[in-house]
Amino acid sequence: MIPYATPAEAEAALGRAMTWAEAAWYQYSAAMPDSWLHCHTTFILFVIYTITPLPLVVLEQFAPSVVLPYKLQPRVRLPLAASLRCYMEAACFFPLAVGFQLVSYPAAVKQILRTRMGLPLPSVRETIAQLVVYSLMEDYLSYWIHRLLHTQWGYEKIHRVHHEFTAPTGFAMSYSHWAENLFLSIPALAGPVIVPCHITTQWLWFSIRLIEGINTHSGYHFPFSPSKLIPFYGGAEYHDYHHYAGGRSQSNFAPLFTYCDYIYRTDKKSRPSDVLSWFIFVFFFQNIYVTLSRRSYYNIFLEVAQNKYLGYRYHKLKQAKLKSVEENNVEKKGGSTVFNTRKD
């Protein structure tokens with residue numbers, strides 16, 4: 001709950017006028033308890049999980065000619081009843097999550113996550129930086145948990161449930177053993193725990209992660225797939241191979257970016273141009289960061305490096321010019337630049 005009775009008090013505390021986003025946030029959350037804002041996370045994820053996979057499920061059932069050319073395993077047609085069963089068994093966890101959030105609110109938000117609820121809202125630069133950190137951390141931790149789940153004991157006791165769908169569908173993203181859902185929630189929470197954020201950034205992070213997971217399990221590879229635009233992004237084609245291999249699979253463990261699979265040599269069906277694309281991506285992101293920042297360390301470094309280089313070149317040219325003048329003077333006197341031949 002925002003501790004300001006009026007927008008004027010909020011602006012006085014900020015020392016500036018509120019942005020349109022901050023004004024909207026004030027109107028929405030000023031009188032709302034923080035515990036309810038915390039529970040919004042589960043509601044948002046439930047809506048996304050319900051709506052996002054529906055278009056492909058409906059098109060596959062009622063207009064297959066539209067989407068089947070892009071299906072990675074076109075011979076496998078999942079019945080509508082199977083998709084609904086997958087959805088119902090996964091969706092039953094959302095009400096339990098709300099109850100858990102209400103019970104754990106004081107410890108989870110105030111002591112562990114340290115989530116901010118009030119004003120000011122985070123800047124675009126701060127939000128992007130936090131999302132990048134969260135993605136890299138979640139990727140690395142999920143990779144190793146996923147590999148552990150593919151050990152003999154982990155697969156037979158836990159991970160086998162998720163691999164019931166050898167040709168996955170979007171609803172299969174959360175169709176897992178309860179222990180797997182618990183274990184894989186740890187990497188997603190690790191970033192916000194280590195780098196605390198605003199509740200709006202938290203909503204954005206979990207939403208992006210869920211949409212990406214649904215896309216990865218969609219079973220379709222379209223021409224506009226993110227894997228064709230974002231280097232080292234696995235996507236549906238990359239993860240579909242993992243489900244196709246099933247329990248035998250010892251590759252393609254990455255949830256989002258595939259750098260862990262590449263580093264630890266567990267990648268299959270990866271693009272040969274990924275290494276070059278990765279450097280292009282880093283360069284592109286770096287330039288985005290420079291554009292967003294008012295005075296970035298990159299610019300400072302570039303200026304210093306340029307000045308150092310120009311200073312170094314000036315020093316060398318000056319030395320060469322002085323040496324040339326000295327040699328000309330010595331030649332005029334009949335001497336040598338190496339030793340003096342004149343005898344006293």
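Every value quoted in this text rests on a predicted model; they were computed, and no experiment measured them. Heavy-atom basis, side chains included; hydrogens, waters and symmetry copies ignored.
- Applying the side-chain hydrogen bond (donor to acceptor under 3.5 Å, both in side chains) test to His198 and every residue at least two apart in sequence or in another chain returns Thr200.
- If you take CG on Leu189 and CG on Leu184, they are separated by 11.5 Å, rounding to the nearest 0.5 Å.
- Scored by the side-chain hydrogen bond (donor to acceptor under 3.5 Å, both in side chains) test, Glu164 finds Tyr175 as partners (sequence neighbours excluded).
- The six-membered or imidazole ring of Tyr49 lies near that of Phe94, with a centre-to-centre distance under 6.0 Å.
- Here His159 and His177 keep their ring centres 6.0 angstrom or further from each other.
- Residues that satisfy the side chain to side chain contact (heavy atoms under 4.5 Å, CB included) test with Ala24, not counting sequence neighbours, are absent from this structure.
- Side chains of Ser225 and Glu237: a donor-acceptor N/O pair is absent below 3.5 angstrom, by distance only.
- The only member of His150, His242, His217 that meets ring-ring contact (aromatic ring centres under 6.0 Å, His included) when paired with His162 is His217.
- Taking the six-membered ring where the residue is Trp, the centroids of Phe224 and Phe222 are separated by under 6.0 Å.
- Under the ring-ring contact (aromatic ring centres under 6.0 Å, His included) criterion, Phe183 pairs with no residue, sequence neighbours left out.
- Between Glu89 atom CD and Ser176 atom OG the span is 11.0 Å, to the nearest 0.5 Å.
- Annotation: side-chain hydrogen bond (donor to acceptor under 3.5 Å, both in side chains) contacts of Thr50 (sequence neighbours excluded): Tyr87.
- Between Tyr26 and Tyr4, the gap from one ring centroid to the other reaches at least 6.0 Å.
- Residues passing the side-chain hydrogen bond (donor to acceptor under 3.5 Å, both in side chains) test with Glu212, sequence neighbours excluded: Arg209, Thr216.
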